Asker: 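Supplied in structure tokens, the structure appears directly below.
These figures come from a predicted structure and were not determined experimentally. The chains referred to below are lettered A, B, ... by the order of the sequence lines, with proteins before strands, and numbering in each begins at 1.
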Amino acid sequence: MLRTHTCGDLRPKDIGQEVTLCGWVQSVRDHGGVIFINLRDRYGESQVVCDPQKDPESHKVAEKVRKEWVLQAHGVVDARPAESINPNMATGEVEVTCDRLVILSTAKTPALEIDDSKVANEDVRMKYRYLDLRRPSMQRNLAIRHNAAQAVREYLSSLGFLEVQTPLLVRSTPEGARDFVVPSRLFPGKFYALPQSPQLYKQLLMVSGVDRYFQLAPCFRDEDQRADRQPVHTQIDLEMSFVDESDVFCVVEGVVKAAFKAGADIDVSLPFPRMTYQEAIDRFGLDKPDTRFGMELIDYTDLSANCGFSVFARAVENGGQVKGLNIKGGSSLPRREIDELGEFVKVYRAKGLAWMRVTDSGLESSITKFFTDGELEAIRQRSKAEPGDLLVFVADSPRIVAASLGWLRNHLARKLDLIPSGVFNLVWITDFPLFDWNEETRQWEPMHHMFTMPKEEDMPFLHSDPGRVRGRLYDLVLNGVELGSGSIRINRCDIQQEVMKVVGMDAADAERRFGFLLRAFEYGAPPHGGFAIGFDRLLTQIAGIENMRDMIPFPYNSAGVSLVDDSPSEIDSSQWRELHIRPDSVQRK
RNA sequence: GGAGGCGUGGUGUAGUGGUCUAACAUGCCUGCCUGUCACGCAGGAGAUCGCGGGUUCGACUCCCGUCGCUUCCGCCA
């Protein structure tokens with residue numbers, strides 16, 4: 001080793017020792033005589049002192065040194081004079097009096113400052129990710145990631161889970177997300193796909209008798225990005241045989257607890273509360289409710305059915321709902337900001353946002369004239385409205401009402417600072433519908449995937465009323481973020497065929513897409529179920545940061561470009577030929 | 001595919017029609033300084049204000065287009 005200690009090691013107990021440190025120059029303070037160099041590595045920072053009277057040679061070297069040069073410093077650990085102790089530094093009680101300073105590498109002026117208090121723009125950070133990652137907070141994020149991953153592996157291993165790798169070149173499945181696709185050289189016109197998840201493979205492993213499987217699995221989806229979505233993400237993927245929901249919950253709860261503990265020394269309490277999908281939608285508008293604050297949705301549909309306000313009445317007449325929020329103390333919001341809330345809900349296709357201010361003399365708004373006193377009183381009571389509050393309403397289809405108010409609720413909570421810090425509300429959302437009606441294709445689609453077991457008691461409605469069928473399907477939600485989802489799978493061919501019928505898939509389709517799995521199920525498939533935790537999202541929560549990309553060593557930008565290596569990139573014409581493919585338009589260089 | 005926000009020295013920002021011949025911080029260079037630690041002090045270099053077009057006597061500033069980054073809707077089982 002070129003060093004005896006790291007830059008974070010030295011303490012008063014080391015005083016008198018001869019040491020050699022290696023690291024990057026964080027700062028140089030040249031006092032004309034003595035020069036102080038702060039040397040930084042992953043472990044911390046140490047002060048190296050170059051005194052011309054003690055060692056003119058190293059002082060001469062130190063005069064040349066610049067930020068981010070890589071140095072090797074040899075010397076003796078000394079106690080700092082009492083008045084020079086730096087309490088803000090872990091190594092602040094000591095310093096290395098340098099008697100040999102070696103320049104291991106010089107450096108250009110860094111393209112961004114290595115300083116947590118001066119963070120550059122995202123594109124600059126991505127292009128120079130290796131510099132960005134030198135920042136202590138990013139080093140911490142890498143460590144959190146490692147520690148959490150390690151704890152997850154350890155915990156699951158202790159429960160008898162086997163980590164099994166599944167292939168990264170797999171069969172393309174057209175339903176669900178768009179596949180990333182890899183052309184085959186040996187089979188002209190054929191393609192592999194990168195897996196969206198190891199779903200089918202982990203079910204095969206259950207048929208194989210693996211019984212308890214897990215994997216920190218890379219998953220690929222060629223869809224448009226979001227702040228919390230990457231083209232490649234990592235799942236803590238797991239699957240178990242001979243289980244029901246409670247068995248899966250128990251394991252996942254332990255995994256999450258272990259990750260929080262190892263990643264940030266946070267204790268989450270078990271078990272996580274459960275809430276049905278319907279309750280989440282009714283009370284919070286979203287299937288990923290943030291339960292850290294109140295302001296739940298209030299249902300005025302029954303009061304609105306026959307009211308004089310035609311916007312409300314007509315919505316109800318058309319099978320819609322009228323729901324709203326009571327924004328405590330919100331009547332002080334200026335008109336302009338209320339109008340902004342109206343703009344906010346329009347993004348979710350609400351046509352508008354009605355509102356009433358609550359004053360000492362009752363409800364006040366331009367629409368109160370359409371309501372009778374009795375109706376206004378009923379609204380006031382149902383809202384538990386007090387003077388100073390602001391009531392807002394959306395009248396529309398249940399789907400639009402729920403989404404617009406649900407997101408408005410989250411938006412307001414941030415805006416009005418209603419969210420307590422340091423709270424981690426983990427909640428299971430259960431009993432999701434098995435199918436989702438796709439208005440465009442006018443077909444039922446699986447809400448989760450094709451292999452989710454319907455709830456026993458809803459089985460009779462499989463064909464008569466698919467929308468009513470709930471699946472043995474569950475999500476884990478943390479502070480309004482969907483951490484992952486899972487289900488108990490179908491292990492019987494007859495049920496599988498019924499489900500495929502509902503979503504309009506015939507036997508030939510099924511055979512072509514995942515015949516290999518159906519065939520496997522003919523050879524003795526154990527009842528099984530599992531879960532997949534979005535590891536990057538979990539880490540973002542554990543680290544308490546905003547940007548998921550900060551938890552990913554080399555992330556992609558919002559256009560799916562990797563700025564470090566500037567991929568995707570063009571390939572040589574020889575590669576095109578070798579892969580038996582060609583660009584769809586030659587002009588498109 | 002659609003909508004919003006942003007784009008000004010290496011980096012982060014200010015400047016919203018005219019002394020802007022572009023400011024501040026930090027970084028960079030030179031000099032001074034023996035106890036600093038966001039060292040200090042003095043001096044200096046560094047920006048055709050993303051790009052193209054338009055409006056105007058005059059554009060960093062307004063308009064249109066375009067590119068890039070970002071957030072959201074669609075999409076993402």
Side-chain angles (χ1 to χ4, degrees), chain A residues 26-39 45-54 59 66-68 78 80-89 91-92 95 97 108-128 131-132 173-179 196-197 199-200 219-231 233 340 343-350 400 403-404 407 411 432-436 438-440 444-452 471 473 475 482 485-487 503 532 534 546-547 549 557-559 561 563:
Chain A
Q26 178 66 29
S27 63
V28 187
R29 294 178 298 281
D30 184 345
H31 287 263
V34 69
I35 297 174
F36 299 102
I37 297 172
N38 277 22
L39 214 54
E45 255 180 64
S46 286
Q47 174 163 285
V48 174
V49 187
C50 298
D51 188 328
Q53 275 160 16
K54 291 184 176 148
H59 180 266
R66 293 293 178 264
K67 282 196 174 195
E68 298 307 317
D78 284 324
R80 294 200 194 182
E83 66 278 11
S84 299
I85 286 174
N86 185 347
N88 302 321
M89 240 173 131
T91 61
E95 61 194 9
T97 305
K108 287 170 67 172
T109 300
L112 49 84
E113 294 181 53
I114 318 295
D115 184 341
D116 278 334
S117 61
K118 298 169 192 164
V119 180
N121 283 334
E122 198 96 4
D123 45 343
V124 178
R125 293 177 55 198
M126 292 309 159
K127 183 167 176 188
Y128 298 97
L131 297 180
D132 191 43
T173 50
E175 70 285 334
R178 203 173 290 115
D179 282 324
Q196 295 175 26
S197 79
Q199 183 61 37
L200 303 180
C219 302
F220 306 84
R221 289 174 191 180
D222 187 6
E223 294 290 349
D224 288 358
Q225 306 308 300
R226 279 292 191 292
D228 61 350
R229 271 193 240 153
Q230 284 271 301
H233 72 281
E340 274 169 20
E343 290 307 307
F344 182 89
V345 295
K346 280 182 186 162
V347 170
Y348 302 93
R349 297 187 180 170
I400 290 174
S404 58
W407 287 110
H411 173 74
F432 276 79
L434 192 58
F435 303 108
D436 202 18
N438 184 326
E439 197 56 52
E440 250 174 66
W444 290 102
E445 290 177 345
M447 187 99 160
H448 183 54
H449 59 57
M450 203 73 103
F451 312 107
T452 302
L473 180 50
D475 275 10
E482 181 194 326
S485 58
S487 62
V503 300
E546 290 289 317
N547 187 346
R549 288 182 290 262
N557 73 7
S558 67
V561 172
L563 289 171

Asker: Tabulated below should be each protein N or O lying under 3.5 Å from an N or O of nucleotides 27-31 of chain B; please produce it.
Answerer:
unit_1	atom_1	unit_2	atom_2	d
B:C29	OP1	A:Arg66	NE	2.7
B:C29	OP2	A:Arg66	NE	3.4
B:U30	OP2	A:Arg66	NH2	3.2

Asker: Using side-chain contact (heavy atoms from CB on, under 4.5 Å) as the criterion, point out the one residue from A:Arg221, A:Arg178, A:Glu223 that pairs with A:Gln196.
Answerer: A:Arg221

Asker: Is there a donor on the side chain of A:Arg80 or the base of B:C37 sitting less than 3.5 Å from an acceptor on the other?
Answerer: yes

Asker: Considering every strand and a 4.0 Å limit on heavy-atom distances, what is the contact class for A:Glu95: base, sugar-phosphate, or nothing?
Answerer: base

Asker: How far does the P atom of B:G46 sit from the matching atom of B:G9, given to the nearest Å?
Answerer: 15 Å

Asker: To the nearest Å, how far apart are A:His59 NE2 and B:C33 C1'?
Answerer: 11 Å

Asker: Roughly how far apart, to the nearest Å, are B:G15 and B:A22 at atom C1'?
Answerer: 8 Å

Asker: Could you measure between the two P atoms, the one in B:A42 and the one in B:C51, and give it in whole Å?
Answerer: 35 Å

Asker: Let me know the distance between CD1 of A:Ile114 and C1' of B:A38, rounded to the nearest Å.
Answerer: 16 Å

Asker: Is there a Watson-Crick or G-U wobble partner for B:C75 with both distances under 3.5 Å, and which nucleotide is it?
Answerer: none

Asker: Verify, without hydrogens or angle tests, whether A:Asp132 (side chain) and A:Met126 (backbone) share a donor-acceptor contact under 3.5 angstrom.
Answerer: no

Asker: Whole angstroms only, please: what is the CD-C1' distance between A:Glu340 and B:G4?
Answerer: 12 Å

Asker: Closest nucleotide of RNA chain B for A:Val119 versus for A:Asp30: which of these residues is on the 5' side?
Answerer: A:Val119

Asker: Quote, to the nearest angstrom, the P distance that separates B:C63 from B:A25.
Answerer: 31 Å

Asker: Under a 3.5 Å cut-off for both distances, is B:U19 Watson-Crick or wobble paired, and to whom?
Answerer: none

Asker: Would you indicate what A:Met89 reaches in the nucleic acid, counting non-hydrogen atoms under 4.0 angstrom: base, sugar-phosphate, or nothing?
Answerer: base

Asker: Could you tell me which nucleotide pairs with B:C62 by Watson-Crick or G-U wobble geometry, both distances under 3.5 Å, or answer none if nothing does?
Answerer: B:G54

Asker: Quickly, which of A:Asp51, A:Val49, A:Asp30 forms a side-chain contact (heavy atoms from CB on, under 4.5 Å) with A:Ile35? Name it, please.
Answerer: A:Asp30

Asker: Kindly compute the distance separating CD (A:Gln230) from CG (A:Asp228), expressed to the nearest 0.5 Å.
Answerer: 10.0 Å

Asker: Which distance, rounded to the nearest 0.5 Å, do you find between the CG of A:Leu473 and the NE2 of A:His449?
Answerer: 8.0 Å

Asker: When you measure from the side chain of A:Ser404 to the backbone N and O of A:Tyr348, does any donor-acceptor pair fall under 3.5 Å?
Answerer: no

Asker: Decide whether A:Arg29 and A:Asn38 meet the rule of one side-chain donor and one side-chain acceptor closer than 3.5 Å.
Answerer: yes

Asker: With sugar-phosphate meaning primed atoms plus P, OP1 and OP2, does A:Thr452 contact a base, only sugar-phosphate, or nothing at under 4.0 Å between heavy atoms?
Answerer: nothing

Asker: What's A:Glu83 touching, base or sugar-phosphate or nothing? Going by heavy atoms closer than 4.0 Å.
Answerer: nothing

Asker: Ignoring backbone atoms, test whether A:Arg29 places a side-chain nitrogen or oxygen under 4.0 Å from the OP1 or OP2 oxygen of B:U36.
Answerer: no

Asker: Could you give me the CA-CA distance, side-chain angles and deciding distance for A:Leu434 and A:Trp444, then say whether side chain to side chain contact (heavy atoms under 4.5 Å, CB included) is met?
Answerer: CA-CA 10 Å; A:Leu434 192 58; A:Trp444 290 102; over 6 Å; no

Asker: Closer than 3.5 angstrom, by distance alone: can the side chain of A:Arg549 be matched with the main-chain N or O of A:Asn557 as a donor-acceptor pair?
Answerer: no

Asker: Taking atom CZ of A:Phe344 as the centre, report whether more than 12 heavy atoms of other residues, nucleotides or ligands fall under 6.0 Å from it.
Answerer: yes

Asker: I'd like the C1' distance from B:A14 over to B:C24, given in whole Å.
Answerer: 7 Å

Asker: Taking atom P in both B:U16 and B:C75, what distance in whole Å separates the two?
Answerer: 42 Å

Asker: Measure from CZ on A:Phe36 to C1' on B:C33 and round the result to the nearest Å.
Answerer: 12 Å

Asker: Need one value for A:Pro446: base, sugar-phosphate or nothing, where a base atom within 4.0 Å counts as base even if backbone is also close, heavy atoms only.
Answerer: sugar-phosphate

Asker: Within this structure, what is the NE2-to-C1' distance between A:His411 and B:G4, rounded to whole angstrom?
Answerer: 13 Å

Asker: Kindly assign one of parallel, tilted or perpendicular to the pair A:His31 and A:Phe36, based on the angle between their ring planes and the thresholds 30° and 60°.
Answerer: perpendicular

Asker: From CD1 of A:Ile35 over to P of B:C37, roughly how many Å is that when rounded to an integer?
Answerer: 16 Å

Asker: Mapping A:Ser197 and A:Asn38 to their closest nucleotides on RNA chain B, which lands nearer the 5' end?
Answerer: A:Asn38

Asker: Any chance you could measure A:Asn86, atom CG, to A:Glu95, atom CD, to the nearest 0.5 Å?
Answerer: 11.0 Å

Asker: Going by purine N1 to pyrimidine N3 plus the second Watson-Crick contact, or the G-U wobble pair, all under 3.5 Å, which nucleotide sits opposite B:G46?
Answerer: none

Asker: If I pick the P atom on B:G17 and the same atom on B:G7, what distance separates them, to the nearest angstrom?
Answerer: 16 Å

Asker: Can you tell me the distance, in whole Å, between the NE2 atom of A:His31 and the C1' atom of B:C41?
Answerer: 12 Å

Asker: In whole Å, measure the gap between the C1' atoms of B:C69 and B:G50 for me.
Answerer: 11 Å

Asker: What string of B, S and - do you get for nucleotides 69-75 of chain B, 5' to 3', if B is base contact, S is sugar-phosphate-only contact and - is no contact with any protein heavy atom under 4.0 Å?
Answerer: SBSSBBB

Asker: Send over the distance from A:Arg221 CZ to B:C76 P, rounded to a whole Å.
Answerer: 10 Å

